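Every value quoted in this text rests on a predicted model; they were computed, and no experiment measured them.
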Amino acid sequence: MIYLVEHFFSIQGEGRYSGVPSIFLRFGGCNLRCPGFGETIKDGEVIPGCDTVRAVYGSHFKQTWRTIESADEIEAIIASYIKDLGYRPDIVLTGGEPMIYANDPIFNEALGRIVEAGFRVTIETNATIAPDFVRHPFYSDVIFAMAVKLSNSGEPYEKRVIPEAIHALATRGRDPFFKFTLDRAIVEDGAHEQIEGITEGLENEVYCMPLGDSIDKLQMHAPAVVDFCLRHGYHYSDRLHVRLWNREEKR
Ligand code: SF4
């Protein structure tokens, strides 16, 4: 059973393909909670977590998720966006954590068809789960944006850093890259050591992005993250969708 939270057509706001027209498929469910990233208030209840809690907490949001029962449904969604376009946008699978479906036959059939059709596909993942690259070779044509969580996520190290999964994704996908979320406190307190530890022995590009689901929060952390990138030679990634549309969803 796979759940789709939403789909939309926009520009990629983060990472290497920032600015590229992309069809986003946001899947429901995540194996982490990241309580350090903030909180959302729903019906008077404070829910700790990231800016996509609506894609994380099935307990609170599942009634808004759509159950996908066939790969045809995913193909039809993509077809509905591209029918009037004269080009192929990127396809971005995000969440939540899309790789919780790495063993789901419908998910894999849909992804295999999208890759086979020649789309450039990025999976935005927390890099704790690797797919079976032998059984499903199309994963080797997928770009993994590996958003491994640092200590500011509030998750324990053993849950957020799974070296075998990171290594598999970093070496077996197509041109994968790291994307870390930093705030101005962690920049001064261990971010570089943590990133070095996670990426040790790997050659993938590293992008660092400021924490923030609103323009105000983004701007609070962004200058420190830019300085950090300049100091250590990492790529800075902004959050274009937040700059342009602030807290609007489906952007
Ligand atoms: S891993 Fe990503 S989607 Fe899951 S709770 Fe953490 S920030 Fe949110």
Residue from I162, T199, V161, T181 passing side-chain contact (heavy atoms from CB on, under 4.5 Å) with V148: V161
Nearest heavy-atom neighbours spanning S140 and F133: OG-CD2, 3.8 Å
CD (E116) with more than 12 external heavy atoms under 6.0 Å: no
Between CG on residue L93 and CD1 on residue I23, distance to nearest 0.5 Å: 11.0 Å
Transitive ILVMFWY side-chain link I215 to M209, under 4.5 Å: no
Between CD1 on residue I78 and CD1 on residue I91, distance to nearest 0.5 Å: 4.0 Å
I74-F119 co-clustered via ILVMFWY side chain contacts under 4.5 Å: yes
Side chains of E196 and E200 in contact at under 4.5 Å (non-hydrogen atoms): no
Worked check of side chain to side chain contact (heavy atoms under 4.5 Å, CB included) between D183 and F37: CA-CA 9 Å; D183 60 84; F37 283 162; over 6 Å; no
Heavy-atom pair of closest approach, residues G13 and S18: O-OG, 3.6 Å
CZ (R231) with more than 12 external heavy atoms under 6.0 Å: yes
F27 and F107: CA distance, side-chain angles, deciding distance, ring-ring contact (aromatic ring centres under 6.0 Å, His included) verdict: CA-CA 10 Å; F27 291 90; F107 184 84; 5.3 Å; yes
Same apolar cluster (I L V M F W Y, side chains within < 4.5 Å links), Y236/Y17: no
H7 side chain near Y81 side chain, heavy-atom distance below 4.5 Å: yes
Spacing of I106 atom CD1 and I2 atom CD1 [to the nearest 0.5 Å]: 5.5 Å
Beyond-backbone contact of C208 with I195, side-chain heavy atoms, under 4.5 angstrom: yes
Side-chain (S237) to main-chain (G15) donor-acceptor, under 3.5 angstrom: yes
Aromatic ring pairing Y234/H232, orientation class (parallel under 30°, perpendicular over 60°, tilted between): tilted
Side-chain ion pair, D132 and R172, N-O less than 4.0 Å: no
Residue pair C50 / V56, side-chain heavy-atom distance below 4.5 Å: yes
Single-linkage hydrophobic cluster M220~V187, side-chain heavy atoms < 4.5 angstrom: no
Within-4.5 Å side-chain heavy-atom neighbours: M99 and F144: yes
Any F138 side-chain heavy atom under 4.5 Å of I114 side chain: no
Main-chain N/O of C30 paired with R33 side-chain donor or acceptor, under 3.5 Å: yes
L202 vs I166, side chain to side chain contact (heavy atoms under 4.5 Å, CB included): CA-CA, chis, key distance, verdict: CA-CA 10 Å; L202 298 167; I166 293 170; 4.0 Å; yes
Salt bridge (Lys or Arg N to Asp or Glu O under 4.0 Å) pairs, two or more places apart, involving residues 8-29: E6-R26, E14-K179, E14-R239, R16-D175, R16-E205
Side-chain heavy atoms of E73 within contact of L4, under 4.5 Å: no
Non-hydrogen atoms of P176 and N204 that approach each other most closely: O-ND2, 3.2 Å
Pi-cation contact, F228 with R184 (under 6.0 Å, within 45°): no
Interatomic spacing from CZ in R160 to OG in S151 - rounded to 0.5 Å: 5.5 Å
Common cluster, Y207/F178, ILVMFWY with side-chain heavy-atom separation under 4.5 Å: no
Exercise: identify the closest heavy-atom pair between A130 and L169: CA-CD2, 4.2 Å
Any I47 side-chain heavy atom under 4.5 Å of H60 side chain: yes
Nearest heavy atoms of P35 and E155, plus distance in Å: CD-OE2, 4.1 Å
OH on Y101 to CG on N108, rounded to 0.5 Å: 12.5 Å
K149 versus I198, closest heavy-atom pair with distance: O-CD1, 4.4 Å
Aromatic ring pairing H136/Y139, orientation class (parallel under 30°, perpendicular over 60°, tilted between): perpendicular
Criterion side chain to side chain donor-acceptor pair (under 3.5 Å) against E97, the qualifying member of N31, T128, T125: T125
Mutual orientation of the aromatic rings belonging to Y3 and W65 [parallel < 30°, tilted 30-60°, perpendicular > 60°]: tilted
Separation of F61 CZ from T52 OG1 (nearest 0.5 Å): 10.0 Å
Distance-only polar pair, side chains of S214 and D216, donor-acceptor under 3.5 Å: no
Evaluation steps, side chain to side chain contact (heavy atoms under 4.5 Å, CB included), between V242 and D51: CA-CA 11 Å; V242 176; D51 54 350; 5.8 Å; no
